[in-house]
Chemist: 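Sharing a structure with you now.
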Number of protein chains: 2
Amino acid sequence: MDKKIATIQDVAAEAGVSTATVSRTLSKPSVVAEATREAVLAAVERTGYRINATASNLRRQRTGSVIALVPNLANPFFSQILAGINSVLHPVGYGLLVADTQAGPNLDDRLSGYLQSGMADGLILFDGTLPVEPLTTPGRPPVILACEWMDDDLPSVRTENARGASLAVTHLLEMGHRHIGHITGPKGNVLSQTRLSGYVETLSLHQHEQRDDWIFDGDFSMDSGAAAAQKWLQLKDRPTALFCASDEMAIGFMGAVQHQGIRVPEDVSLVGFDNIEVVGHLSPALTTIRQRRTQIGEQAARLLLDMIEAGTLTGVSEIIEVELICRDSVARIPT
Amino acid sequence: MDKKIATIQDVAAEAGVSTATVSRTLSKPSVVAEATREAVLAAVERTGYRINATASNLRRQRTGSVIALVPNLANPFFSQILAGINSVLHPVGYGLLVADTQAGPNLDDRLSGYLQSGMADGLILFDGTLPVEPLTTPGRPPVILACEWMDDDLPSVRTENARGASLAVTHLLEMGHRHIGHITGPKGNVLSQTRLSGYVETLSLHQHEQRDDWIFDGDFSMDSGAAAAQKWLQLKDRPTALFCASDEMAIGFMGAVQHQGIRVPEDVSLVGFDNIEVVGHLSPALTTIRQRRTQIGEQAARLLLDMIEAGTLTGVSEIIEVELICRDSVARIPT
DNA sequence: GGTGCTCCTGTAAACGATTACAGCCAACCT
DNA sequence: AGGTTGGCTGTAATCGTTTACAGGAGCACC
């Protein structure tokens, strides 16, 4: 029978009221009389009416959705954050659009494309290396940075990266290690830089030896961890412990050295960063710095919603605590 | 200056043409005269005009987005699939909305909510256990199932699950194993069932011993793999090899038994399923069945787009090939 | 009885695009 | 010259809501 989807007109006719009343019943029930409200709701029920989001959004000059702009969607690191974002957005009627900054040709255009497209009421940016220039476009929606951040005063949600690095290195020192290396994240990334300087500063603070060839270039990926392992193996004077800027690199490193018969933690100790789920199931289970990813997502979504509702482009930032998770990848060295 | 975002009216005024011409220039450039086109494009440039997607969608009776309904967004298994979906959707101007079937209270309502919301032109469903009843709603958009599937004739994209199981078990048999166990996925899941029966049938085919206590209940998670390991350890008569219905369970199992000093593959051989990235970096690297996840996403998106453009609710299905990836987690047993 | 409230509801104008339809003009043909 | 054609453009209706504004009903108070 009802081939077509009912519109607000149909409901109005069915209930014998005007469309305005139907609309009000649905959005601000308190202003319509009890009897009318019931009649309308009954009509809604009978017609199977569902509000047309597109029309509603057009009229209300909003889109009802938020874009999460992720550097690489295939990276599982983000999925849990997305879950956190969605858990906040969905209950209040916002949809989550995801987009990949790697897809497509020109990076600059893409960011401004998303900003100006009017496809979303707000943007969650996970990539701190994007050009800032498009962010100055006049009618742009509010933006919040998650995980990474820029030097500008854009609001952001991030974790205590420097403190995480410090926790990791301090732990290694406390376990008696004196030769501590580091595998970095990609160059030019704020996370890499912050964790690296956290590592450097902690060692300086305790006046411990630092050597350039104990710092290995990585890019957060497992493969880069494995590559670092090759470098480490070739070293004459190897550090006895490594702080890895990501769990994935720690996994890659560990797999590669174990393949060569090197034992972890007896021959080399490792501390990771992130506490992704798998590292607890490795053998040895990886000692690491925990980042609460769900919480990052939730906070970012919440702060962004605040900005959207307040209609402002500026907002507060938030720092999420990190925590050292001790497992079995660090050996105690007698001093 | 330009505080407000330019509308098509502004462009029309600026270019000295009607809004219709502007619209045509942007959607079907071939029908407008060269000179006009240039004038319009220049005006677009000057005003910084971006088409308002909401208004366009309302008029065209579409939404320009597709919903991916994932059982658990935090599960990294899906992120690569989402990337595949997006890589197809984005170039043709569709957005990807992601939603979690676990969020919120009533499952039944949620699916029908998404179906009727009119928020999307199509739906990609990753959960084969959802109730089918809402799928009979009249004005619903096209739906495609990915990975999992239902007994109905909904179009789907899936991998060769039975063949994957068969490849895994056959490989173990060829390596000389005669006592082969299995860790299953969650009960009631088609993937679990199909992989389990693939396992059973392959063993039957070769007339090999099967024992109920060699089949361990799992749910695809690492924890459930670790739990299976405990059961396996308590067994008097242990299978020498296990086919795990997911890589994650294989990881959990391997971690747990290695923790007890059991060696893989010398003491127990393992084959996983999925080929998630991390398993290549484990030690030993896991032998597994590869599912091309990006391809699953791409195909699902492509088939769904076909249905959307054709305006039909029925479509073709696609089966993606699997492949055995031999690594180091299976020992050869002298026979 | 008139005035002023309060409560509720209806009218109608937006929101910003797309597109069927019609009209205009120039060129071409007979 | 008149008719036809084809290429291009403009007019205006339309998509389905929301909401400012106005209006009517009922009531109380002076």
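Every chain is numbered from 1 and lettered A, B, ... according to where its sequence line falls, protein lines coming before strand lines. The figures here come from the full heavy-atom set of this structure, side chains too, leaving out hydrogens, waters and symmetry mates.
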Chemist: Whole angstroms only, please: what is the CG-P distance between B:L58 and C:dT18?
Modeler: 11 Å

Chemist: Taking the six-membered ring of B:Y94 (Phe, Tyr or Trp), confirm whether the NZ or CZ of B:R62 is under 6.0 Å from its centre and within 45° of its axis.
Modeler: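 Relative to the ring axis of B:Y94, which defines the angle, B:R62 lies inside both limits.
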
Chemist: Without hydrogens or angle criteria, can the side chains of B:T63 and B:D121 be said to hold a donor-acceptor pair below 3.5 Å?
Modeler: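 There is such a pair (donor and acceptor under 3.5 Å, judged by atom type) between the side chains of B:T63 and B:D121.
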
Chemist: Applying the side-chain hydrogen bond (donor to acceptor under 3.5 Å, both in side chains) test to A:E148, which of A:T129, A:N161, A:N189 qualifies?
Modeler: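 Per the side-chain hydrogen bond (donor to acceptor under 3.5 Å, both in side chains) rule, the option paired with A:E148 is A:N189, out of A:T129, A:N161, A:N189.
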
Chemist: So how far off straight is the helix from C:dG1-D:dC30 to C:dT30-D:dA1, going by the axes through five pairs at either end, to 10°?
Modeler: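 The end-segment axes of the helix from C:dG1-D:dC30 to C:dT30-D:dA1 are tilted 60° relative to each other.
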
Chemist: Look at the side chain of A:T36 and the backbone N and O of A:V32, then say whether any donor-acceptor pair between them is shorter than 3.5 Å.
Modeler: no

Chemist: Do the side chains of A:M307 and A:P155 get nearer than 4.5 Å, heavy atoms only?
Modeler: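 When only atoms from C-beta onward are counted, A:M307 and A:P155 do touch, with a gap below 4.5 Å.
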
Chemist: Between C1' on C:dA17 and CG on A:N52, what's the gap in Å once rounded to a whole number?
Modeler: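 After rounding, the reported distance stands at 14 Å.
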
Chemist: To the nearest Å, how far apart are A:R62 CZ and C:dG16 P?
Modeler: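 That distance rounds to 16 Å.
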
Chemist: Can a cation-pi geometry be assigned to A:R293 and A:F78, taking NZ or CZ under 6.0 Å from the six-membered ring centre and within 45° of the ring axis?
Modeler: no

Chemist: Is any side-chain heavy atom of B:W149 closer than 4.5 Å to a side-chain heavy atom of B:V190?
Modeler: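 Heavy-atom side-chain distance check passes, below 4.5 Å.
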
Chemist: Please state how far atom CG in A:N57 lies from atom C1' in C:dA17, giving the value in whole angstrom units.
Modeler: 15 Å

Chemist: Give the rounded distance in Å between these two atoms: CG of A:D10 and C1' of D:dC15.
Modeler: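 Computing the A:D10:CG to D:dC15:C1' distance gives 14 Å.
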
Chemist: Mapping B:S30 and A:Q9 to their closest nucleotides on DNA chain D, which lands nearer the 5' end?
Modeler: B:S30

Chemist: With B:Q80 as reference, evaluate B:I85, B:I296, B:T294 under the side-chain contact (heavy atoms from CB on, under 4.5 Å) test and give the passing residue.
Modeler: B:T294

Chemist: Round to a whole Å and report the spacing from CE of A:M119 to C1' of C:dA17.
Modeler: 17 Å

Chemist: Thinking salt bridges, do A:R46 and A:E14 make one under a 4.0 Å N-O criterion?
Modeler: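 Result for this pair is yes, salt bridge flagged.
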
Chemist: Please confirm whether the shortest side-chain N or O distance from B:Q61 to OP1 or OP2 of D:dT14 is below 4.0 Å.
Modeler: no

Chemist: Between protein and nucleotides 18-24 of chain D, map the contacts as a letter string: B base, S sugar-phosphate only, - none, heavy atoms under 4.0 Å, written 5' to 3'.
Modeler: BBB----

